[in-house]
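In what follows, a structure is listed as structure tokens, so that the remarks can point back to it.
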Amino acid sequence: MGRAFLYVILGGGVAAGYAALEFTKRGISHGELCIISEEPVPPYERPALSKGFLLPEAPARLPSFHTCVGANEERLTPKWYKEHGIELVLGSRVKSVDVRRKTLLTGSGETISYKVLIIATGARALKLEEFGVKGSDSENVCYLRDLADANRLVNLMESCSGGNAVVIGGGYIGMECAASLVINRMSVTMVFPEEHCMARLFTPKIASFYEEFYKSKGVKFVKGTILSSFDIDSNGKVTAVNLRDGSSLPADTVVVGIGIRPNTSLFEGQLTLEKGGIKVNGKMQSSNSSVYAVGDVATFPVKVFGESRRLEHVDSARKSARHAVGAIMERNQAGEFDYLPFFYSRVFTLSWQFYGDNAGDVVHFGDFSGGTFGAYWVRNGHLVGSFLEGGTKEEYEAIAKATRLKPAVEDLAELERQGLGFAVTV
Ligand code: FAD
Ligand code: NDP
């Protein structure tokens with residue numbers, strides 16, 4: 001026999017924290033909600049791990065960044081969960097789920113049953129082994145997904161201060177970690193297969209600004225190639241990174257950020273999957289009506305894309321979690337999740353925000369020499385996406401609002417001339 005709960009959240013990351021807060025706002029009774037997480041601590045704001053957590057001076061440490069401080073809401077400490085009668089089952093990996101019987105089996109052998117399940121299992125970092133390269137388990141190779149990874153990276157940076165760091169991957173992790181490594185006085189080389197960094201979002205012009213900025217901070221770029229192997233010494237430490245183009249880079253620390261895979265495996269064959277995630281409707285409800293999915297693991301309908309997609313960003317995790325709880329508590333009377341995609345990053349003294357979809361024709365505007373600049377994407381005669389670096393709070397709000405309104409754009413040259421002024425006056 002195991003325990004039974006009305007609501008169970010599987011996973012204890014960002015989405016779980018925001019779902020818990022929403023449950024309490026809408027009024028649940030003590031003992032109704034249980035959160036099961038493999039991580040040993042209650043939900044925290046994962047974005048802090050590649051930013052404040054890695055600072056050499058006054059770094060962010062728990063409990064300061066438990067959810068939901070990232071959205072200027074209450075900070076949910078262990079005490080908070082206790083006071084609200086929410087059961088936290090931490091350090092416990094769920095081994096199997098039976099959605100027909102509505103039960104989960106934990107690593108310690110306990111069976112937990114639910115009436116409604118919210119899947120918030122997030123994603124795992126892709127390993128180099130999945131691309132045929134061995135050596136991921138070397139003590140100076142680091143991925144960055146959870147607190148344990150972040151602690152390892154901090155220790156590595158301390159132990160080889162002033163040494164060489166090689167960053168594999170030119171996406172979010174690569175860009176944010178490269179900046180943090182530089183701030184920790186390491187000599188950094190970034191290696192990635194594309195022609196420019198952040199290839200899925202940035203235009204070549206935008207990427208070129210950030211790459212030049214990184215170069216001015218000492219970062220070197222090796223583009224258009226990937227690693228083929230590591231040189232590993234007799235202590236099991238990586239000493240060099242060998243690239244497919246035949247060159248080799250000395251390495252004291254290697255940070256790998258080559259993408260993620262959503263944690264869906266417990267549900268394969270039980271729920272409908274789509275685009276690598278768990279397919280849900282506008283209420284975040286899966287193909288089984290008692291099971292909802294939120295955050296990185298959910299493939300949900302996104303209006304601006306005109307199709308269902310998975311998003312791997314914190315704002316989407318927070319809002320999809322809250323929407324699912326609303327739908328559950330209102331017994332599905334809630335409306336459809338109408339989400340405007342929002343991505344952002346902060347590195348060095350820079351800060352950008354993006355809203356919508358980066359599809360169609362692109363128009364750049366502003367001062368690309370270090371001031372405020374940005375880009376609009378126009379598809380079928382309407383604004384569908386906006387990017388802004390170095391904006392004020394009001395300017396970011398303006399591009400968000402304009403993108404949501406999807407105003408008609410007849411003349412791209414005129415849009416370019418108006419620049420940020422277009423969004424501000426929409
Ligand atoms: P997660 O937060 O990953 O949580 C998943 C949880 O499920 C984890 O606790 C995990 O241990 C648990 N779990 C998984 N499987 C099981 C199981 N079988 N049993 C028990 N528990 C399980 N996004 C932004 O928009 N801006 C940023 O600046 C930003 N920075 C980031 C920095 C880093 C270092 C990382 C890794 C991500 C960042 N992101 C950022 C992305 C953002 O953090 C994610 O989109 C968000 O965390 C997704 O929330 P989630 O709850 O779906 O998954
Ligand atoms: P991304 O998908 O952002 O980037 C992965 C990068 O690695 C791409 O440049 C990719 O190239 C490259 N790559 C893929 N395979 C290889 C390979 N074999 N060798 C070298 N490079 C390779 O993933 P990240 O790992 O950077 O980020 C992980 C997750 O964390 C994402 O969900 C991201 O959204 C999230 N995150 C978000 C942040 C934010 O929003 N500010 C900050 C930090 C993390 P290609 O495109 O060709 O595959």
Side-chain angles (χ1 to χ4, degrees), residues 9-19 35-51 53-54 67 70 89-97 104 106-107 118-128 130-133 143-150 153 167-177 180 190-201 222-223 225-228 243-244 255-266 277 293-298 310-318 320-321 341-347 352-354:
I9 302 174
L10 169 52
V14 170
Y18 283 78
I35 298 176
I36 313 171
S37 179
E38 195 175 359
E39 292 191 78
V41 292
Y44 56 87
E45 301 286 357
R46 200 165 301 281
L49 298 182
S50 53
K51 304 176 188 68
F53 198 89
L54 302 182
T67 57
V89 180
L90 300 178
S92 182
R93 183 176 173 76
V94 168
K95 295 274 183 207
S96 64
V97 181
L104 305 97
T106 70
I118 299 182
I119 304 169
T121 47
R124 65 173 179 86
L126 271 171
K127 291 281 161 76
L128 286 169
E130 294 169 72
F131 296 88
V133 175
Y143 293 83
L144 187 53
R145 184 71 204 177
D146 60 20
L147 201 57
D149 294 336
L153 180 54
V167 173
I168 311 289
Y172 289 93
I173 291 284
M175 293 301 279
E176 294 189 4
C177 287
S180 295
M190 291 186 70
V191 179
F192 50 84
E194 303 94 343
E195 281 171 25
H196 63 76
C197 66
M198 294 286 295
R200 284 186 213 150
L201 178 64
V222 180
K223 304 192 263 187
T225 188
I226 56 172
L227 81 168
S228 54
L243 305 180
R244 195 165 282 176
V255 179
V256 184
I258 55 172
I260 60 166
R261 283 287 175 276
N263 292 318
T264 56
S265 59
L266 292 171
V294 296
D296 282 8
V297 82
R310 233 173 27 76
L311 293 175
E312 301 173 355
H313 293 275
V314 73
D315 182 65
S316 157
R318 292 168 180 157
S320 62
F342 166 43
F343 315 151
Y344 72 90
S345 185
R346 289 190 303 272
V347 286
W352 60 259
Q353 295 193 8
F354 169 83

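Any value given below was found using the heavy atoms of this structure, including those in side chains, with hydrogens, waters and symmetry copies removed. For ligands, and for the atoms within them, numbers begin at 1 and follow the listed sequence. None of these values were measured; they are calculated from a predicted model.
- A distance of 8.5 Å separates CG of L266 from CG of L104, quoted to the nearest 0.5 Å.
- Within the structure, ligand 1 lacks F343 among the residues with a heavy atom less than 4.0 angstrom away.
- Counting only non-hydrogen atoms, the option in E39, H313, Q353, E312 that gets closest to atom 9 (O) of ligand 1 is E39.
- Nearest protein heavy-atom contact of atom 53 (O) of ligand 1 is G122 CA, 3.2 Å.
- Selection from A150, A19, C177, P47 by nearest heavy atom to atom 40 (C) of ligand 1 gives P47.
- For the residues R145, E38, R124, the heavy atom positioned nearest atom 20 (C) of ligand 1 is part of E38.
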Go through it in stages, so that I can follow the logic: the residues are K51 and E45, the test is salt bridge (Lys or Arg N to Asp or Glu O under 4.0 Å), and I'd like the CA-CA distance, side-chain angles, deciding distance and then a yes or no.
CA-CA 11 Å; K51 304 176 188 68; E45 301 286 357; over 6 Å; no
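- The side-chain tip of K127 points at the ring of Y143 from less than 6.0 angstrom away and within 45° of straight on.
- Residue-level proximity to ligand 2 for R200 is carried by the side chain, the only part with a heavy atom below 4.0 angstrom.
- Residue contacts with ligand 1 leave out S345, since none of its heavy atoms falls under 4.0 Å from the ligand.
- Counting the atoms of ligand 1 from 1 in the order shown, those under 4.0 Å from a heavy atom of L10 are 19 (N), 20 (C).
- Interatomic distance, CD of E39 versus CZ of R93, reported as 11.5 Å (0.5 Å rounding).
- Note: no N/O pair closer than 3.5 Å links F342 and ligand 1 by distance alone.
- Not close to ligand 1: P43, with no non-hydrogen atom less than 4.0 angstrom away.
- Of all protein heavy atoms, the one closest to atom 37 (C) of ligand 1 is R46 CG, 4.2 Å.
- Contacts of I260 with ligand 2, taken as heavy-atom pairs under 4.0 Å, involve the side chain alone.
- Annotation: atom 7 (O) of ligand 1 to nearest protein heavy atom, G11 CA, 3.2 Å.
- Contact analysis leaves A199 out of contact with ligand 2, as no non-hydrogen atom separation drops below 4.0 angstrom.
- The closest donor-acceptor contact from the side chain of K95 to the backbone of T106 lies at 3.5 Å or more, if one exists at all.
- Minimum heavy-atom separation, A15 to A321: O-CB, 3.2 Å.
- What sits closest to atom 51 (O) of ligand 1 on the protein, heavy atoms only, is A15 N, 2.8 Å.
- The shortest N or O to N or O distance between S50 and ligand 2 is not under 3.5 Å.
- The closest approach between any non-hydrogen atom of N263 and ligand 1 is below 4.0 Å.
- When side chains are defined from C-beta on, R46 counts as touching D146, because their heavy atoms get closer than 4.5 Å.
- Looking at atom 32 (C) of ligand 1, its nearest protein heavy atom turns out to be S50 OG, 3.2 Å.
- The pair R124-E312 fails the salt-bridge criterion, with no side-chain N (NZ, NE, NH1 or NH2) lying under 4.0 Å from an Asp/Glu carboxylate O.
- Atoms of ligand 1 found under 4.0 Å from any heavy atom of G12, numbered from 1 in the order shown, are 6 (C), 7 (O), 9 (O), 12 (C).
- Both the backbone and the side chain of I258 come within 4.0 Å of ligand 2, counting heavy atoms alone.
- Remark: ligand 2 atoms within the under-4.0 Å shell around heavy atoms of Y344 are 39 (C), 40 (O), 41 (N).
- A distance below 6.0 Å separates the ring centres of H313 and Y172.
- The nearest pair of heavy atoms linking A125 to I260 is CA-CG2, 4.3 Å.
- Closest to atom 49 (O) of ligand 1, if we only count protein heavy atoms, is A317 CB, 3.5 Å.
- Under a 4.0 Å heavy-atom criterion, L311 is not in contact with ligand 1.
- Residue contacts with ligand 2, taken as heavy atom pairs separated by less than 4.0 Å, do not involve F343 at all.
- The parts of Y172 lying near ligand 2 are both backbone and side chain, judged by heavy-atom distances below 4.0 Å.
- For the residues L104, L266, V94, the heavy atom positioned nearest atom 19 (N) of ligand 1 is part of V94.
- Closest to atom 52 (O) of ligand 1 among all protein heavy atoms lies D296 N, 2.9 Å.
- Looking only at heavy atoms of the protein, atom 42 (C) of ligand 1 is closest to V314 N, 3.9 Å.
- Residue contacts with ligand 1 include K51, since one of its heavy atoms falls under 4.0 Å from the ligand.
- Judged by the shortest distance from any of its heavy atoms, T106 lies outside the 4.0 Å radius around the atoms of ligand 1.
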